2 protein chains.
Amino acid sequence: MFFVSLIPIRSGSPGEDSERSDAARNRERLLVAARELLDECGVGSLTMDKLAVRAGVGKGTVFRRFGSKAGLMMTLLSDAEADFQRKFMFGPPPLGPGAPPLERLVAFGSGRIGYILEFGDLARLAETSTRNKFEVPAVLLWHSHLEMLLRAAGMNADPYLMAGALSATLDTDRILHAVRAQGITPERLAESWRELVTRVVRQD
Amino acid sequence: MFFVSLIPIRSGSPGEDSERSDAARNRERLLVAARELLDECGVGSLTMDKLAVRAGVGKGTVFRRFGSKAGLMMTLLSDAEADFQRKFMFGPPPLGPGAPPLERLVAFGSGRIGYILEFGDLARLAETSTRNKFEVPAVLLWHSHLEMLLRAAGMNADPYLMAGALSATLDTDRILHAVRAQGITPERLAESWRELVTRVVRQD
DNA sequence: ATAAGATCCGGACCGCAGTCCGTTTAGATC
DNA sequence: GATCTAAACGGACTGCGGTCCGGATCTTAT
């Protein structure tokens with residue numbers, strides 16, 4: 001068994017322990033500049049060079065602070081991500097605890113679809129890391145949450161891999177492609193997810 | 001309903017209609033050089049510059065012939081891909097026609113897992129196209145094949161999206177990560193797929 | 001054979017993410 | 001306030017996929 005911290009996202013907050021003042025200032029400048037550029041030009045034309053110029057810092061500084069473009073995106077997403085995590089771990093049912101496992105599974109799918117529709121462009125970039133997209137802490141947390149729900153629902157056929165399979169079904173690219181390129185409504189996607197998990201957990 | 005040609009892959013064969021002789025010669029040189037470089041250096045260190053030098057052609061020629069790195073990979077994969085397509089469309093049961101739909105679904109998963117384990121590195125690169133990885137002809141064919149099998153098995157809950165969901169489960173990156181980084185055996189993956197499709201098509 | 005013209009060639013060029021390293025600066029110590 | 005050091009800075013640099021266009025080459029018509 002492995003452990004995933006509650007909110008496993010590196011925070012962009014200034015109160016980080018032992019960070020030099022200029023470093024904190026530059027981080028803040030970069031985050032502000034990044035949000036501005038995203039608002040103005042869209043996610044497609046955000047480059048690390050432009051960002052550095054806009055923030056008035058050197059390019060090296062950008063990468064020292066965030067490691068990579070994906071790392072920057074994760075930081076930008078951290079608030080929304082933490083919010084979603086809180087909802088499915090501690091929030092009200094059916095997404096949070098209190099509802100039967102199957103209902104929580106269904107709600108998780110809807111929630112994640114909504115999350116992707118709102119932050120999909122950032123999330124997609126956050127996944128194109130040098131590291132594998134499966135090793136992102138948030139993804140590991142989703143996975144273990146699904147696995148927990150599957151076990152709670154009585155699933156006894158390799159819940160670990162089954163959680164991975166269900167997780168793949170909610171892949172960011174797939175959802176975005178379905179909605180944007182194929183014109184499939186989020187409701188239809190959510191309904192399909194409901195069918196899927198219902199059939200998967202149904203006991204013999 | 002849409003139509004997917006049997007072997008929807010652009011072939012690297014020299015008999016292509018109306019191609020200038022130097023063009024055909026260079027395509028052949030490039031394919032040979034690409035296979036040599038892949039054998040010698042591995043897929044990770046194949047760059048388009050190296051390839052051009054090795055084949056003794058200009059870089060522009062590489063991109064005119066194959067459009068992109070992904071296009072080159074698709075061409076390199078076309079034989080293996082066509083072979084797999086023939087097997088699940090016309091080959092012997094349980095993968096080919098003749099077996100019950102559920103058995104064909106199960107066999108399709110095993111077959112695809114095997115395919116990925118053999119050609120995964122190339123396939124992964126072939127998917128990182130400028131175009132969306134869902135619009136690759138081969139992927140469309142797999143999808144419609146799964147949809148057909150689901151319908152044949154009596155699935156009546158949005159077979160189109162359900163086929164997409166199952167397809168996502170067999171995602172190249174996911175399978176490779178499971179086997180290589182997590183040490184999960186292909187047999188266990190195949191068994192999990194069997195469980196999944198069995199539960200999905202089971203009628204009420 | 002030769003001329004015309006469509007096709008193809010090659011390598012300089014671009015934009016991008018990410019790295020490197022000499023220089024600067026924050027902040028702790030005296 | 002002077003000094004010292006670890007940390008941060010910045011921008012030139014690399015390697016990559018992909019584009020561009022003037023010039024070379026194959027093919028066809030005459």
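Just so it is clear, the model here is predicted, and its values are computed rather than measured. Proteins come first, then strands; the chains are lettered A, B, ... in the order of their sequence lines, and each starts at number 1.
Sequence order on DNA chain D of the closest nucleotides to A:Asp49 and A:Gly58 puts A:Gly58 first from the 5' end. Between B:Arg25 and B:Thr47, the residue whose closest nucleotide on DNA chain D is further toward the 5' end is B:Thr47.
Within 3.5 Å, no donor on the side chain of A:Arg20 pairs with an acceptor on the base of D:dA8, nor the reverse. Side-chain atoms of A:Lys59 and base atoms of C:dA17 include a donor and an acceptor less than 3.5 Å apart.
Within 6.0 Å of NZ on B:Lys133 lie more than 12 heavy atoms contributed by other residues, nucleotides or ligands.
Using a 4.0 Å cut-off between a side-chain N of Lys or Arg and a carboxylate O of Asp or Glu, A:Lys87 and A:Asp83 qualify as a salt bridge. Salt-bridge formation is detected for the pair B:Arg54/B:Glu40: a Lys NZ or Arg NE/NH1/NH2 atom is positioned less than 4.0 Å from an Asp or Glu carboxylate oxygen. With respect to the salt-bridge test (charged N to carboxylate O, under 4.0 angstrom), the residues A:Asp158 and B:Arg194 do not qualify.
Here B:Thr61 does not reach the OP1 or OP2 of C:dC8: none of its side-chain N or O atoms lies under 4.0 Å away. Between C:dC8 and B:Asn26, no contact under 4.0 Å exists linking OP1 or OP2 to a side-chain N or O. Taking only side-chain nitrogens and oxygens, B:Ser21 comes nearer than 4.0 Å to OP1 or OP2 of D:dT27. Contact annotation: A:Arg64 does not reach the phosphate of D:dA7 (side-chain N/O to OP1 or OP2, under 4.0 Å).
Taking every side-chain heavy atom of B:Phe63 into account, D:dG18 is the closest of D:dA8, C:dA17, D:dG18.
Rounded to a whole Å, the NZ atom of B:Lys50 is 14 Å from the C1' atom of D:dG17. Remark: P of C:dC16 and CG of A:Leu72 are 15 Å apart, rounded to the nearest angstrom. Between the CZ atom of A:Phe66 and the P atom of D:dG10 there is a distance of 14 Å, rounded to whole Å. B:Arg27 places its CZ atom 10 Å from the P atom of C:dC8, with the value rounded to the nearest Å. Computed from coordinates, the A:Asp22 CG to D:dA7 P distance equals 13 Å when rounded to whole Å. Between the CG atom of B:Leu51 and the C1' atom of D:dG15 there is a distance of 16 Å, given to the nearest Å. As a whole-Å value, the separation of B:Arg65 CZ from C:dT7 P is 12 Å. Regarding A:Met73, its CE atom lies at a distance of 15 Å from the C1' atom of C:dG18, rounded to whole Å.
Residue contacts shown for B:Leu46 are limited to sugar-phosphate atoms, with no base heavy atom under 4.0 Å away.
Using cut-offs of 30° and 60° for the angle between ring planes, the B:Trp142 and B:Phe108 rings count as perpendicular.
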